[in-house]
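See structure below.
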Amino acid sequence: MRIGVLGTGNMADALATHWARAGHRVTIGGRDAEKARRLAERIGGAGSGSPEAAAASGEVVLAALPFGAGAEVVRELRPALAGRTLIDCSNPVGPGFRLLTGGGPSAARLLADAAPEAHVVKAFNLCHEDVWRMRPPVFDGRPLAVPVCGDDETALARVHTLVRDAGCEPVAGGGLDRAGLLEATAALFIGLWVAEGADAQAIAPPLAYATGPGTE
């Protein structure tokens with residue numbers, strides 16, 4: 001696949017590295033051309049250019065942008081993003097691990113509203129960037145599961161492929177209307193991990209017990 005990356009930060013670095021190693025054609029787009037060039041060089045086999053060039057280069061575009069900046073950048077790139085799969089990995093989490101979207105639209109929905117001709121998919125938002133740097137993210141013999149939310153079947157299939165190329169296992173999370181649940185889950189988990197030192201994974205019982213222990 002051809003993949004454009006908007007941003008030059010840690011998430012751009014971690015995910016684009018997996019995808020370049022898997023043989024995808026990656027273009028890093030940044031307003032700071034030198035930072036984009038250095039990241040592309042570090043990844044190896046990637047190109048670099050402006051955000052406009054990255055958006056136009058890919059069947060898939062990763063918006064590796066902080067919440068608050070993402071919608072503005074995407075709105076500027078709306079013509080280039082038309083028809084493309086746009087991945088939102090942002091977390092709208094603020095001080096006190098508060099969900100910044102409140103009762104309003106999710107961060108993913110804000111991107112979709114800013115570029116309505118793109119096919120937005122929410123994914124890769126539940127883990128720290130260093131988890132995404134792992135080769136692969138496997139814990140106790142199990143690949144990391146990655147929930148994916150979106151409405152377009154082609155876009156979802158592309159993102160499922162990219163999840164697998166990062167060494168993870170995609171999980172169907174429903175339509176884009178459920179992206180806010182993923183973002184709220186991230187806010188809860190980050191608060192538990194960072195503020196409480198709690199193992200968020202211990203919240204859920206094994207799948208066999210998800211509806212109760214059953215009867216014999």
Side-chain angles (χ1 to χ4, degrees), residues 1-65 70 73-74 77 80-90 108 111 115 117-139 141-173 182:
M1 266 184 271
R2 300 185 308 277
I3 304 171
V5 177
L6 305 177
T8 56
N10 290 327
M11 286 295 288
D13 187 351
L15 292 173
T17 297
H18 281 296
W19 298 336
R21 286 174 178 155
H24 299 292
R25 293 171 53 191
V26 175
T27 301
I28 304 296
R31 288 177 172 168
D32 186 325
E34 181 59 21
K35 284 184 69 174
R37 186 196 65 77
R38 288 199 304 267
L39 177 55
E41 187 176 84
R42 185 162 66 250
I43 289 169
S48 67
S50 66
E52 292 81 2
S57 73
E59 303 153 79
V60 175
V61 178
L62 171 69
L65 302 164
V73 172
V74 164
L77 299 175
L81 291 170
R84 308 195 188 273
T85 299
L86 179 62
I87 304 174
D88 174 34
C89 64
S90 69
L111 293 195
E117 296 85 6
H119 305 297
V120 176
V121 176
K122 187 79 184 188
F124 301 107
N125 72 304
L126 289 184
C127 297
H128 189 274
E129 60 263 15
D130 286 342
V131 172
W132 302 120
R133 294 182 196 278
M134 296 174 65
R135 300 177 57 189
V138 172
F139 304 93
R142 298 174 62 189
L144 181 69
V146 180
V148 178
C149 294
D151 296 329
D152 183 82
E153 291 302 321
T154 298
L156 288 169
R158 287 171 174 167
V159 176
H160 282 207
T161 295
L162 295 179
V163 168
R164 293 189 180 99
D165 287 340
C168 303
E169 192 62 34
V171 176
L182 263 185

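As the structure is a prediction and not an experimental result, all values here were calculated from the model.
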Contact between [X] and [Y] at the side-chain level, heavy atoms closer than 4.5 Å - yes or no?
{"X": "L15", "Y": "L62", "answer": "yes"}
{"X": "V60", "Y": "W19", "answer": "no"}
{"X": "L144", "Y": "W132", "answer": "yes"}
{"X": "R133", "Y": "N10", "answer": "yes"}
{"X": "T161", "Y": "M1", "answer": "yes"}
{"X": "V146", "Y": "L126", "answer": "no"}
{"X": "R37", "Y": "S48", "answer": "yes"}

Hey, is R21 close enough to D165 for a salt bridge, meaning N to O under 4.0 Å? no
Salt bridge check: are R38 and E34 linked by an N-O gap of less than 4.0 Å? yes
[X] versus [Y], closest heavy-atom pair with distance:
{"X": "A55", "Y": "L77", "answer": "CB-CD1, 4.1 Å"}
{"X": "G141", "Y": "P143", "answer": "O-CD, 3.9 Å"}
{"X": "A123", "Y": "V159", "answer": "CB-CG1, 4.1 Å"}
{"X": "G173", "Y": "C149", "answer": "O-SG, 3.4 Å"}
{"X": "F124", "Y": "M11", "answer": "O-CE, 3.3 Å"}
{"X": "A63", "Y": "L111", "answer": "CB-CD1, 4.1 Å"}

Under the side-chain contact (heavy atoms from CB on, under 4.5 Å) test against T85, which residue among V121, L162, L156, V120 passes? V121
Would you give the length of the straight line joining atom [atom1] of [X] to atom [atom2] of [Y], rounded to the nearest 0.5 angstrom?
{"X": "I3", "Y": "R84", "atom1": "CD1", "atom2": "CZ", "result": "13.0 Å"}
{"X": "I87", "Y": "L6", "atom1": "CD1", "atom2": "CG", "result": "10.5 Å"}
{"X": "L39", "Y": "I28", "atom1": "CG", "atom2": "CD1", "result": "4.5 Å"}
{"X": "R2", "Y": "E59", "atom1": "CZ", "atom2": "CD", "result": "4.0 Å"}

Is there a side-chain contact (heavy atoms from CB on, under 4.5 Å) between D13 and E129? Walk through the geometry before answering. CA-CA 9 Å; D13 187 351; E129 60 263 15; over 6 Å; no
N/O donor-acceptor pair under 3.5 Å between [X] side chain and [Y] backbone:
{"X": "H18", "Y": "R164", "result": "no"}
{"X": "H128", "Y": "D130", "result": "yes"}
{"X": "E169", "Y": "A145", "result": "no"}
{"X": "K122", "Y": "S90", "result": "yes"}

